[in-house]
Number of protein chains: 2
Amino acid sequence: MAIPIPGQPVRGSESGAPIMAVFDLLGRRWAMGIIWNLSRGPQTFRGLQNACETISPSILNSRIKELKQALIVDRSLEGYHLTPLGEELFTLLKPFGAWSINWAKTIVPKNPEKWDKCGDDIENQNSK
Amino acid sequence: MAIPIPGQPVRGSESGAPIMAVFDLLGRRWAMGIIWNLSRGPQTFRGLQNACETISPSILNSRIKELKQALIVDRSLEGYHLTPLGEELFTLLKPFGAWSINWAKTIVPKNPEKWDKCGDDIENQNSK
DNA sequence: CTCACTGCTACGAATAATGTAGCAATGAGG
DNA sequence: CCTCATTGCTACATTATTCGTAGCAGTGAG
């Protein structure tokens with residue numbers, strides 16, 4: 001799938017508003033997870049694959065290509081890593097970690113039937 | 001599609017880390033765009049459909065159901081709107097608007113072949 | 001009763017993702 | 001050289017998700 005180009009019509013916006021292009025790009029399966037994982041430092045293809053547990057290599061390959069084209073990810077000898085633009089994006093993504101913990105506490109009691117274990121995972125997540 | 005429950009295995013994370021559940025939820029097509037649109041105030045189903053231009057009603061319906069289950073969106077007489085949790089989420093999403101403009105300026109010169117018009121849209125986007 | 005509109009469902013066609021197998025390249029050990 | 005293991009990545013059939021369009025029931029105005 002081609003990356004959305006801001007200024008061009010993308011999914012959800014004929015006007016080409018850049019925010020819609022971003023939502024298109026980040027709204028693809030695994031995209032945000034890949035950025036999150038890369039924030040810890042350079043990763044190999046295999047490393048990312050393991051981090052994303054169930055991603056298939058062909059999709060990982062597509063997402064990486066897209067993020068590279070979008071200048072968010074790049075590759076060096078140490079492996080794939082975030083570009084400066086990607087780092088910036090991650091700083092915006094970071095607060096979602098804390099929000100997600102709060103969200104989990106609110107939502108989980110509303111879905112008791114699906115809720116057994118969890119506690120530890122939630123508490124331990126703020127480790128970066 | 002069922003919403004991801006933090007603490008339960010979701011796409012990309014057997015551990016059930018809440019952040020992965022959030023990425024799963026927000027990483028679905030249109031999800032972030034819907035939240036973005038609702039930040040301007042209550043919207044009708046049709047209003048959202050028009051705002052998202054090319055979304056199909058069945059998908060819009062699914063996304064709304066999911067976001068409602070996730071306590072991010074609710075419905076009242078005035079229409080669909082963000083819950084307090086949803087408003088919080090939007091404040092995290094908001095900075096992406098500014099970043100996207102910056103990103104657009106960087107990326108567009110790298111894709112000259114796809115770039116004709118754009119300028120005005122980019123400049124005028126920071127209106128909330 | 002009609003007309004226009006709304007929220008929403010149905011459903012086939014198109015597109016995207018999964019899961020698995022496997023290939024070429026690289027590097028270590030013998 | 002010749003294995004063997006590992007890595008980055010491709011291929012491809014199966015399955016899941018989304019698109020695009022038609023249309024139904026409900027509401028309110030005229």
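Lettering of chains follows the sequences in order, A, B, ..., and the numbering in each one begins at 1. Because the structure is predicted, anything quoted here is derived from the model rather than measured.
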Check your understanding: Can you tell which of C:dA17, D:dT10, D:dT21 lies closest to the side chain of B:P57?
Key -> D:dT21

Check your understanding: In terms of the nearest nucleotide of DNA chain D, which residue is placed more toward the 5' end: A:R29 or A:R75?
Key -> A:R75

Review point. Is there a side-chain contact between B:W99 and A:L85, using heavy atoms and a 4.5 Å cut-off?
Key: yes

Check your understanding: A:I72 versus A:L25: any side-chain heavy-atom pair under 4.5 Å?
Key -> yes

**Study point:** Separation of D:dT7 P from A:E78 CD (nearest whole Å)
**Key:** 17 Å

Review point. Between A:R28 and B:S56, which has a closest nucleotide on DNA chain C that is more 5'?
Key: B:S56

Check your understanding: A:R28 and A:A2: which non-hydrogen atoms are nearest, and at how many Å?
Key -> NH2-O, 3.0 Å

Practice item. May I ask you to say what A:R46 touches in the nucleic acid, namely base, sugar-phosphate or nothing, with a heavy-atom cut-off under 4.0 Å? Key: base

Check your understanding: B:Q49 CD to D:dT18 P: how many Å, rounded?
Key -> 16 Å

Exercise for review: Please state how far atom CD1 in A:I59 lies from atom P in D:dA16, giving the value in whole angstrom units.
Suggested key: 15 Å

Practice item. Take atom CG of A:L60 and atom P of D:dC9, then tell me their distance rounded to the nearest Å. Key: 9 Å

Review point. What nucleic acid atoms does A:S62 come within less than 4.0 Å of, heavy atoms only: base, sugar-phosphate, or nothing?
Key: nothing

Check your understanding: CG of B:D24 versus P of C:dA16: gap in Å, rounded?
Key -> 19 Å

Review point. Any side-chain N or O of B:S58 less than 4.0 Å from the OP1 or OP2 oxygen of C:dA10?
Key: no

Point to revise | Separation between CD1 of B:I59 and CH2 of B:W30, rounded to the nearest 0.5 Å | key: 10.0 Å

Review point. So, is A:W30 close to the C:dT18 phosphate, meaning a side-chain N or O under 4.0 Å from OP1 or OP2?
Key: yes

Point to revise | Nearest-angstrom distance from the residue atom OH of A:Y80 to C1' of D:dG8 | key: 7 Å

Practice item. Send over the distance from B:I55 CD1 to C:dC8 C1', rounded to a whole Å. Key: 13 Å

Review point. Roughly how many Å is it from CG in A:N50 to C1' in C:dG19, rounded to a whole number?
Key: 15 Å

Review point. Taking the side chain as C-beta and beyond, is there a heavy-atom pair between A:L38 and A:L48 under 4.5 Å?
Key: yes

